[in-house]
2 protein chains.
Amino acid sequence: MADRQLYELHASICQTLANPKRLEVIDLLRDGEKSVTEIVEAMEISQANLSQHLTVMRQKGIVVPRREGVNVYYRLSNPKIIKACDLMRQVLLEHLQAGVELARG
Amino acid sequence: MADRQLYELHASICQTLANPKRLEVIDLLRDGEKSVTEIVEAMEISQANLSQHLTVMRQKGIVVPRREGVNVYYRLSNPKIIKACDLMRQVLLEHLQAGVELARG
DNA sequence: TCCTTATATTAGAATTATCGAACATTCTAA
DNA sequence: TTAGAATGTTCGATAATTCTAATATAAGGA
């Protein structure tokens, strides 16, 4: 596979992580699976909107669903996702300490 | 600082990485600084467009410029950025091997 | 100063992402 | 099989991103 395509796919993963709600979901799934209802109750988000975000993350292979009766439980597909997020979080915190201007937008 | 704000800043960093050209630039800077001209010549990109991407990355604290005469040399601000990118790349490759559908868009 | 090279900025069009609202689906229990 | 709870999908408005083209700025040399 060409490098260009790899960069595209890589960018696609980053794009999936580039949303505060989705990052919060990932953080919530850090220690194991949670049902949609559990996630909704832990966040300030509508069920429909969460479902949209979960769809995006599912399609990109970030999370994996498991249906159990009426509930659907989601988990992270790969523990390295948390590692990557934590690394970026470290970069962020180090920059904040260094006074780098990082305001969103 | 509130978690919500942290997630916003974190998303902002991911957003900055969520572009194939910018990822390619980061990869090019992996082993040390390069001038804008060097980067342009190593990629398929216009100078103006590269300058725009460098501006974004500069503002988000991903890269740091150093002017030397008429040239501006850019370097990564933090080696953890490469580590995070490499981790995500690993996740991507493992997913590809597992046959996960990751097509962009 | 004037010219040239290197880099940055702006404007505008096209594409893409986000969210609320409304609606659809799936499953279980009664 | 109908009701209700849990989850998913579609649509449309708004906002953000990306690129090209044109222009601007900065630095050095003749």
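Labels below follow one simple rule: chain letters A, B, ... track the order of the sequence lines, proteins then strands, and each chain is numbered from 1. All values below were derived from every heavy atom in this structure, side-chain atoms included, with hydrogens, water molecules and symmetry-related copies excluded. This is a predicted model, so every value here is computed, not measured.
Rounded to whole Å, atom P of dT20(D) lies 8 Å from atom CD1 of Ile45(B). Between the CD atom of Gln59(A) and the C1' atom of dT18(C) there is a distance of 15 Å, rounded to whole Å. In this structure, Leu23(B) atom CG and dT18(D) atom P are separated by 11 Å, rounded to whole Å. Between the CD atom of Gln47(A) and the P atom of dA22(C) there is a distance of 15 Å, rounded to whole Å. At whole-Å resolution of the value, CG in Leu54(A) and P in dA6(D) are 16 Å apart. Residue Leu50(B) contributes atom CG, which lies 14 Å from atom P of dT18(D) at whole-angstrom precision. With rounding to whole Å, Arg66(A) atom CZ is found 15 Å from dT7(D) atom C1'.
Between Gln47(A) and Ser51(A), some side-chain heavy-atom pair lies under the 4.5 Å cut-off.
Evaluation of the side-chain contact (heavy atoms from CB on, under 4.5 Å) rule for Ile82(A) yields Ile26(A), Arg30(A), Leu76(A), Asp86(A) as partners, not counting sequence neighbours. Taking the salt bridge (charged side-chain N to carboxylate O under 4.0 Å, His left out) definition, one finds that Arg89(B) meets it with Asp27(B), sequence neighbours left out. A search for salt bridge (charged side-chain N to carboxylate O under 4.0 Å, His left out) contacts involving Glu38(A) returns nothing, not counting sequence neighbours. Glu41(A) pairs by the side-chain contact (heavy atoms from CB on, under 4.5 Å) definition with Thr37(A), not counting sequence neighbours. Glu44(B) meets the side-chain contact (heavy atoms from CB on, under 4.5 Å) test with Arg4(A); sequence neighbours excluded.
Pairing of dC19(C), defined by two Watson-Crick or G-U wobble distances under 3.5 Å, is identified with dG12(D).
The line from NE2 of His95(B) to NZ of Lys60(A) is 12.5 Å long, rounded to the nearest 0.5 Å. To the nearest 0.5 angstrom, Asp3(B) atom CG is 11.5 Å from Leu23(A) atom CG.
For residues 69-78 of chain B, no pair satisfies salt bridge (Lys or Arg N to Asp or Glu O under 4.0 Å), with sequence neighbours left out.
Looking at the side chain of Ser51(B), the nearest of the listed nucleotides dT7(C), dC19(C), dT7(D) is dT7(C). For Ala48(A), the listed nucleotide lying nearest its side chain is dA21(C); candidates were dC19(D), dA8(C), dA21(C). Distances were taken from every side-chain heavy atom of Lys21(B) (C-beta onward) to each of dG8(D), dC19(D), dA8(C); the shortest belongs to dC19(D). Nearest to the side-chain atoms of Gln15(A) among the listed nucleotides dT18(D), dA17(C), dT7(D) stands dA17(C).
Under 4.0 angstrom from either OP1 or OP2 of dC19(C) there lies at least one side-chain N or O belonging to His53(A). The phosphate of dC27(C) (OP1 or OP2) has no side-chain N or O of Asn71(A) nearer than 4.0 angstrom.
With hydrogens and angles ignored, no donor-acceptor pair closer than 3.5 Å exists between the side chain of Gln52(B) and the base of dT17(D).
Contact check of residues 26-39 of chain B against DNA chain D (heavy atom, cut-off under 4.0 Å) returns no residues at all.
With a 4.5 Å cut-off between side-chain heavy atoms of Ile, Leu, Val, Met, Phe, Trp and Tyr, the cluster of Leu87(A) takes in Leu87(B).
Nucleic acid contact for Tyr74(B): sugar-phosphate only, since backbone atoms but no base atoms lie under 4.0 Å from a heavy atom of the residue.
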**Message:** Please encode protein proximity along nucleotides 24-30 of chain D as a string of B, S and -, counting only heavy-atom distances under 4.0 Å.
**Reply:** ---BS--
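For Ser46(A) and Asn49(B), each mapped to the nucleotide of DNA chain C holding its nearest heavy atom, the one lying further toward the 5' end belongs to Asn49(B).
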